[in-house]
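Numbered from 1 within each chain, the chains take letters A, B, ... in sequence-line order.
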2 protein chains.
Amino acid sequence: MFDPVSAPASRNASIKNTPVKITDVAAAAGVAPMTVSRVINTPDRVSPDTTARVREAIDRLGYVPNLIAGGLSSRKSRMVAAVVPTIAHPMFAGVVQSFSDSMRQAGYQVMLSICGYEDSDDEALFRAVLGRRPDALLITGSGYSPAAWQMLIEAHIPVVEIWDVSSRPIDMVIGFDHAQVGGEVAAYFLVKGHDRFAVLAARDSRAMTRARGFNEAVTKAGAAVVLDQVMPAPSTIAAGRDGLRALLPFLDQRCAVFCSSDQLAFGVVTEARVQGVPIPEHLAVCGFGNLEISAMNEPPITTVSLEGVGTGRSAAAFLLRRLAGEGPRDGDRVQVPFRIIERATS
Amino acid sequence: MFDPVSAPASRNASIKNTPVKITDVAAAAGVAPMTVSRVINTPDRVSPDTTARVREAIDRLGYVPNLIAGGLSSRKSRMVAAVVPTIAHPMFAGVVQSFSDSMRQAGYQVMLSICGYEDSDDEALFRAVLGRRPDALLITGSGYSPAAWQMLIEAHIPVVEIWDVSSRPIDMVIGFDHAQVGGEVAAYFLVKGHDRFAVLAARDSRAMTRARGFNEAVTKAGAAVVLDQVMPAPSTIAAGRDGLRALLPFLDQRCAVFCSSDQLAFGVVTEARVQGVPIPEHLAVCGFGNLEISAMNEPPITTVSLEGVGTGRSAAAFLLRRLAGEGPRDGDRVQVPFRIIERATS
DNA sequence: CTGAAAGCGCTAACAC
DNA sequence: GTGTTAGCGCTTTCAG
């Protein structure tokens, strides 16, 4: 039965591995490997009797099917990749979490790539990701090199870009116009009668786009931006507190500040309390993201709300629809609605 | 051009795929597939001349090597799995982020599995994870079924359990004793002269273990726990504010409250300000996790600090050492140090 | 330094 | 229902 000379046998008998494989199960159950495969993947096409024998063998041997091998054969990895700049930010954490939940329910594993805010070598990044042959891809919008863009196109898998609208969408999009957000916050402040403004934005292209949109709208209205400060990304509460201190010299008159995230806004509001700056009478504050910290702070903080969890879930739904074989259709490019939630700081 | 009879051709020529493969590159460069493989994986063993020709072909064809196929052959997936209950909590987000960074630098992709706080079907979970044949595994400590435990053992891959010490460690451990944390917080409060206590803990086994440790130490000291409230997991600021309101009836006398997370503690402190409860004179508060929100709040919140980022990085280092071929050694079971950071709320 | 042969563990496709 | 054959795209191994 056992022939020490034959190479394959010696390989199997080697050092430590106990990689029970489909042939082992098949042998133990007295069936062909294909039958084991059917028991696992299409149980209704196997007789109850055989199924029972195979199941027993699987359990007894502790067989865990090698999905990698199966994927190579079936050309489906049942893995999807998600590329985000960070998960330290609650926004992206929420997106990844809900995306992952939805995909896992559908039997997909998520490969997570955290790429940072600096667009370093996106080609290398996508090569590493696409090399694993994910069945689909979620990426955080726009700003890749042409070569990277080309790679994504040529991967021929469903792709959903989130968080930003793109001028050259690859496939599906769930995003919004960051400049427009800034513009609407400015409009909101202007309507409330403000005429002196400040911006605190993290050094992150989207945050700075929001700031730009804000600045442009303010300037167009003939009002002044007295301070436009860029903070390190990802933004922190500490940076917000610093920001308020930087703003202090300008607070001889009433002012409204737009922060590129709720963390910054919370820092501003907290430091304002310490410094005795009355909010909203003397300083109005608007954040971005509608995190719990802005809703549950005292005073609650005015902010821009987006459907963050919704984005992850929608992205999953988009991809799953495609993976189920449906083609592209209208409505694959979605503008995430946002709105200003007025609270006590403005 | 199109011949419906020849099966292989029709397969390749079919619908959408442009899967450039190693044989295509080899043909284009006039070498054997193996040489292409060498150019990619062991460039120093190929002549500069050949390398140049192959590189050119790779670039021209836009070849992205199929790492899945390579992995099947080499029996290394260069993927590692990370199983955590959530990434919505900054603690785990930090761990995953730093773990992912370290692994990615070493050429590994992270497969993320978010399992939730309810230990539902851990066997199915691990089957899905191990089926992808990760080269190594990070999991969030303890509490699996014997069958699941067995699966992990039989996978014969390096495993690191984080966040909790385990009574039956699978392999490596980077964790701490949650009951001990609770005990030390109690001791800290007792030394400060407190004799009436409360606990707010999320419905999560680790958080409740911390609460239990706290309660036991308090009781042993002959002091009273006037309120021991379980909150929904994951914990929120809102739950903390609710918690303080639940505590109000007991605040006729001085009291010290231990919260199972900084979010809860922040909620308590914020609501206390609203309700006019003086902190720390009338109510002392200690959180857990040392998130930015506790350090940067006004007043800054006393809390328990752990090396969260360090955990992710250490876990990666542990696994990478094993993946590099080193065997187990002393020091593979690490107690994460924690300490109470005294701030203005106690 | 380069190539040819033989799989990795599984499943699609086609018999029976 | 079940088995057989032939790969999936790569790398291991061994031969030159």
On the nucleotide [N], are OP1 or OP2 found under 4.0 Å from the side-chain N or O atoms that [X] carries?
X: B/Ser73; N: D/dG9; answer: no
X: B/Thr50; N: C/dT2; answer: yes
X: B/Arg75; N: D/dT12; answer: no
X: A/Ser37; N: C/dC10; answer: no
X: B/Thr35; N: C/dG3; answer: yes

Between [X] and [Y], does any side-chain donor sit less than 3.5 Å from a side-chain acceptor?
X: B/Thr140; Y: B/Glu161; result: no
X: A/Ser47; Y: A/Thr50; result: yes
X: A/Ser113; Y: B/Gln109; result: yes
X: B/Tyr144; Y: B/Gln150; result: no

What is the distance, rounded to the nearest whole Å, between atom [atom1] of [X] and atom [atom2] of [N]?
X: B/Met34; N: D/dC14; atom1: CE; atom2: P; result: 14 Å
X: B/Arg133; N: D/dC10; atom1: CZ; atom2: P; result: 21 Å
X: A/Leu72; N: D/dG7; atom1: CG; atom2: P; result: 14 Å
X: B/Ile68; N: D/dG7; atom1: CD1; atom2: P; result: 22 Å
X: B/Lys21; N: D/dG7; atom1: NZ; atom2: P; result: 11 Å
X: A/Ile22; N: D/dT4; atom1: CD1; atom2: P; result: 14 Å
X: A/Asp49; N: D/dG1; atom1: CG; atom2: C1'; result: 11 Å

> Closest nucleotide of DNA chain C for B/Ser74 versus for B/Arg38: which of these residues is on the 5' side?
Replying inline: B/Arg38
> Pick the nucleotide of DNA chain C nearest each of B/Arg45 and A/Gly70; which residue has the one closer to the 5' end?
Replying inline: B/Arg45
> With a non-hydrogen cut-off below 4.0 angstrom, is B/Ala32 in contact with a base, only sugar-phosphate, or nothing?
Replying inline: sugar-phosphate
> Is the charged tip of B/Arg321 near the ring of B/Phe318: under 6.0 Å from the six-membered ring centre and within 45° of its axis?
Replying inline: yes
> About how many Å separate OG1 of A/Thr311 and CZ of A/Phe99, when rounded to the nearest 0.5 Å?
Replying inline: 12.0 Å
>> Quick check on contacts: within residues 56-67 of chain A, what sits under 4.0 Å from DNA chain C by heavy-atom distance?
In response: A/Tyr63, A/Pro65, A/Asn66
> B/Arg322: what forms a salt bridge (charged side-chain N to carboxylate O under 4.0 Å, His left out) with it, not counting sequence neighbours?
Replying inline: B/Asp171, B/Asp332
